[in-house]
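Data first, discussion second: the structure below is written as structure tokens.
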Protein chains: 2
Amino acid sequence: MLKLKQDHSELVVLSVLAAGPSYGYAISKDIAARSDGHFKLTASGMYPLLTKLEKNGLVTTSWEEVKASGSDPESNGRRRKWYTLSDKGQRHLTKRIELHRQLQSILDGFVHGSMGEQDPQTGFAG
Amino acid sequence: MLKLKQDHSELVVLSVLAAGPSYGYAISKDIAARSDGHFKLTASGMYPLLTKLEKNGLVTTSWEEVKASGSDPESNGRRRKWYTLSDKGQRHLTKRIELHRQLQSILDGFVHGSMGEQDPQTGFAG
DNA sequence: TTATGATATATCGAAACTCGATATATACAA
DNA sequence: TTGTATATATCGAGTTTCGATATATCATAA
């Protein structure tokens with residue numbers, strides 16, 4: 001299990017939303033699935049983050065009432081809060097990715113040669 | 001100026017020490033120079049980090065008295081605290097780099113294709 | 001019917017981290 | 001003697017982290 005800092009979480013969530021609107025729980029499952037379980041963004045990390053993104057105007061939101069197939073039409077079903085990447089969000093993501101790549105590039109300069117013998121192509125020794 | 005989180009700072013400092021022993025101030029200058037000023041690890045970030053590394057046994061330390069060339073032999077000069085990467089520290093660094101590369105690899109999977117038209121080789125649009 | 005797990009959103013709070021400001025002291029050059 | 005560089009270190013207000021907790025619906029099987 002790899003730890004995701006908020007910075008990385010934001011990058012991943014925005015990237016997921018760049019593919020189309022989604023909601024907290026689905027994003028969480030999506031991240032776990034697409035990382036083979038290596039990344040896990042739990043509720044306590046997800047919702048404050050989504051709230052922050054909304055507050056900063058990077059996403060727009062809307063509620064969906066999820067009715068059960070055979071349920072009472074009068075009853076309130078589960079509620080889903082959908083998040084859609086805004087234009088501002090897309091621009092932010094683009095900059096964020098540029099910054100991420102720049103960081104990696106410089107970081108690699110430091111890391112390079114600090115590991116002794118290992119395959120530089122894969123980054124894994126075992 | 002790119003922000004370095006403690007995780008990254010630790011990786012960079014350990015990588016610097018993998019090249020040979022150094023001390024706080026020199027490491028700080030080294031990092032600024034080798035990153036063309038993009039990374040800056042200031043005293044308030046550096047010393048707590050080095051103390052933590054020492055506490056965890058990743059580095060060993062020793063003090064050096066830095067005498068001025070023409071100074072009174074009796075006077076106390078400046079004091080330098082040298083940090084040397086321990087075997088445990090080298091093993092930790094190796095694992096840390098593997099983890100870093102694994103993280104990047106998965107992160108790239110999410111980021112890939114979230115930027116629209118741009119050169120995937122360099123990661124920079126402008 | 002009941003209980004177990006999945007779906008779904010959200011906050012709390014203790015611990016850890018961040019980073020500019022601050023403190024202290026020596027060395028050296030203008 | 002004044003300013004800048006060298007050198008280590010802590011303080012503290014603000015932010016981040018993340019397991020625990022709370023609430024409620026839905027689906028399935030015992």
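Below, read A as the first sequence line, B as the second, and so on, with proteins coming before strands; counting in each chain starts at 1. Computed from a prediction, not measured in an experiment: that's the story for all the values here.
Within 4.0 Å of Trp63(B), counting heavy atoms only, lie sugar-phosphate atoms of the nucleic acid but no base atom.
Protein atom CD of Glu65(A) is 13 Å distant from nucleotide atom C1' of dT9(C), rounded to whole Å. Look at CD on Glu64(A): it is 13 Å from P on dC26(D), rounded to the nearest Å. Straight-line distance from the CE atom of Met1(B) to the P atom of dC19(C): 11 Å, rounded to whole Å.
Relative orientation of the Phe110(A) and Phe39(B) rings is parallel, given thresholds of 30° and 60° on the angle between their planes.
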Should Arg79(A) and Glu64(A) be marked as a salt bridge (Lys or Arg N to Asp or Glu O under 4.0 Å) after you check the CA-CA gap, both sets of side-chain angles, and the distance that decides it? CA-CA 6 Å; Arg79(A) 304 175 76 222; Glu64(A) 178 196 9; over 6 Å; no

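The CG atom of Leu53(A) sits 11.5 Å away from atom OG1 of Thr61(A), with the distance rounded to the nearest 0.5 Å.
Picking from dA10(C), dA8(C), dT8(D) the nucleotide with the shortest atom distance to the side chain of Arg78(A) gives dA8(C). When distances run from any side-chain atom of Tyr47(B) to the nucleotides dT10(D), dA10(C), dA5(D), the shortest one goes to dT10(D).
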Using a cut-off of under 3.5 Å, enumerate the N/O to N/O pairs linking the protein to nucleotides 15-19 of chain D.
unit_1: dT17(D); atom_1: OP1; unit_2: Gln6(A); atom_2: N; d: 2.6
unit_1: dT17(D); atom_1: OP2; unit_2: Gln6(A); atom_2: N; d: 3.4
unit_1: dT17(D); atom_1: OP2; unit_2: Gln6(A); atom_2: OE1; d: 3.2
unit_1: dG19(D); atom_1: N7; unit_2: Ser44(A); atom_2: OG; d: 2.9
unit_1: dG19(D); atom_1: O6; unit_2: Ser44(A); atom_2: OG; d: 3.2

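Between Tyr23(B) and dA7(D) there is a side-chain N or O to OP1 or OP2 distance below 4.0 Å. Residue Arg80(A) places at least one side-chain N or O closer than 4.0 Å to OP1 or OP2 of dA8(C).
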